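The next block holds one structure in the form of structure tokens; read it before the comments.
All chains are named by letter (A, B, ...) in the order of the sequence lines, taking the proteins before the strands, and each is independently numbered beginning at 1. Bear in mind the structure is a predicted one, so any value in this text is a computation, not a measurement.
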Amino acid sequence: MATVEVTFPPLPAHVRTARLVATAVARRSGIDESLLDEVRLAVGEACSRAVEAHRKHCPGQPIRVALCDDGERFEVVVTDAAPADADGEAPVAAAPQGGHGTARGAAARDGGTAAGDGAPVAGGGTTAGADGVILQLPASVGLAVITGLADDVHISPTGDGTSVAMSWKRRSATA
Amino acid sequence: MDLKLGHNNKDGIEVVDVEGEIDVYTAPRLRELLIELVNKKNYQLVVNMEKVEFLDSTGLGVLVGGLKRVRAHDGSLDLVCTQERILKIFRITGLTKVFGIYESVDQAIAARKAEK
């Protein structure tokens, strides 16, 4: 059961609110202080990606963020309702390897590939302006950042969208 | 905290001071400023991120876009950043290899001048 659930309309201004709530709940759950920045950034990336997808496909639908603490792990699940196959999305692959997982499904929808560790990402799949200059990196970069930050990442299709589940071990509990 | 932007010319290099959070909501303002500076023929830029509290991939995209714009004019866009929490996202994405990242504005300017 989720400790805290937040829903918000797909507006960029609310991504900050989601980050603040996630950080506050993570802190309250007793997660190590050194991980709070990682939680904040990863949740922000997942919510930014969801906001972009909703604005494109379903601007009237809210985005859901569930924050769970089972005593050993702190998990955040960001669920969007944007149609998974709207842009020819491939079947979604889970990424159970913890921090080095793949993010093929959503990355395919976002028009790029999730980068591996250390590889420059300012390549294909970017959004470019009329003069060909990059205006925004592909949302898959956000997924690459998430996989680089969270201990475990799972990206899976839901009934009408995609969920990005990120979790961190409560290192302070074992310290 | 919202985003505060300022800029001033130092030794022929335009220094952009950024304070606050750069995310999907605020990044467009930074993008507009960078575009405005390039349109005014400022092709040597240093972005001072010492007071940036948060940076996500949207902000990275804006910086990469700015870099591409100035490079189109044989210019440069260097960063000033010593905060580990901000540097981490550059490392994860491999962009430490793309940007010149310095510890102070003076150091960034000196490095740019030395290359000329």
Side-chain angles (χ1 to χ4, degrees), chain A residues 10-20 23 34-38 40-52 55 99-100 110 112 114-123 125-129 131-150, chain B residues 1-3 20-39 43 45 52-73 75 77 79 81 83-101:
Chain A
L11 298 174
H14 293 320
V15 171
R16 180 170 187 261
T17 308
R19 284 200 311 265
L20 291 172
T23 309
S34 65
L35 295 178
L36 292 178
D37 276 338
E38 297 186 3
R40 186 163 75 130
L41 181 52
V43 171
E45 293 291 352
C47 289
S48 296
R49 184 193 146 276
V51 165
E52 290 301 319
R55 293 181 89 189
H100 296 280
D110 295 325
D117 292 350
V121 292
T126 52
T127 305
D131 55 1
V133 173
I134 291 173
L135 300 179
Q136 189 175 0
L137 292 175
S140 55
V141 173
L143 293 174
V145 170
I146 293 168
T147 58
L149 292 171
Chain B
M1 181 181 187
D2 204 359
L3 188 69
E21 302 189 339
I22 311 174
D23 67 359
V24 68
Y25 180 54
T26 60
R29 286 178 49 211
L30 176 60
R31 178 164 63 221
E32 284 166 18
L33 174 60
L34 295 178
I35 290 171
E36 180 190 324
L37 291 174
V38 172
N39 287 345
Y43 304 135
L45 304 178
V52 171
E53 295 169 1
F54 180 84
L55 173 74
D56 69 6
S57 62
T58 315
L60 288 180
V62 168
L63 294 171
V64 170
L67 179 66
K68 286 199 75 173
R69 284 179 194 277
V70 293
R71 279 195 177 165
H73 300 277
L77 190 156
L79 306 175
C81 182
Q83 298 183 74
E84 188 52 39
R85 64 156 76 161
I86 303 296
L87 290 170
K88 189 169 190 172
I89 189 168
F90 284 96
R91 286 202 201 97
I92 288 171
T93 54
L95 288 172
T96 47
K97 298 166 189 166
V98 176
F99 290 100
I101 301 178

Nearest non-hydrogen partners of A/G142 and B/S57, listed with the distance
CA-OG, 3.8 Å

One should read off an interatomic distance between A/L41 CG and B/F54 CZ, to the nearest 0.5 angstrom, of 5.0 Å

Answer with side chain, backbone, both or neither: which region of A/V15 has an atom nearer than 4.5 Å to a non-hydrogen atom of chain B?
side chain

Non-neighbouring partners of B/D23 that pass salt bridge (Lys or Arg N to Asp or Glu O under 4.0 Å), sequence neighbours left out:
A/R19

Stepwise, does the side chain to side chain contact (heavy atoms under 4.5 Å, CB included) test hold for A/E52 with B/T58?
CA-CA 11 Å; A/E52 290 301 319; B/T58 315; over 6 Å; no

Candidates B/L95, B/I92, B/T93 - the one meeting side chain to side chain contact (heavy atoms under 4.5 Å, CB included) with A/V141:
B/T93

Heavy-atom pair with the smallest gap, counting every atom of B/E21 and A/R40
OE2-NH1, 3.6 Å

Between B/L67 and chain A, which part of the residue has a heavy atom less than 4.5 Å away: side chain, backbone, both or neither?
neither

If you define the side chain from C-beta out and look only at heavy atoms, does anything of B/Q83 sit under 4.5 Å from A/D37?
no

Heavy-atom neighbours of B/Y25 OH exceed 12 at 6.0 Å:
no

Suppose we screen for side-chain hydrogen bond (donor to acceptor under 3.5 Å, both in side chains). Which residues come up paired with B/R71, at least two apart in sequence or across chains?
none

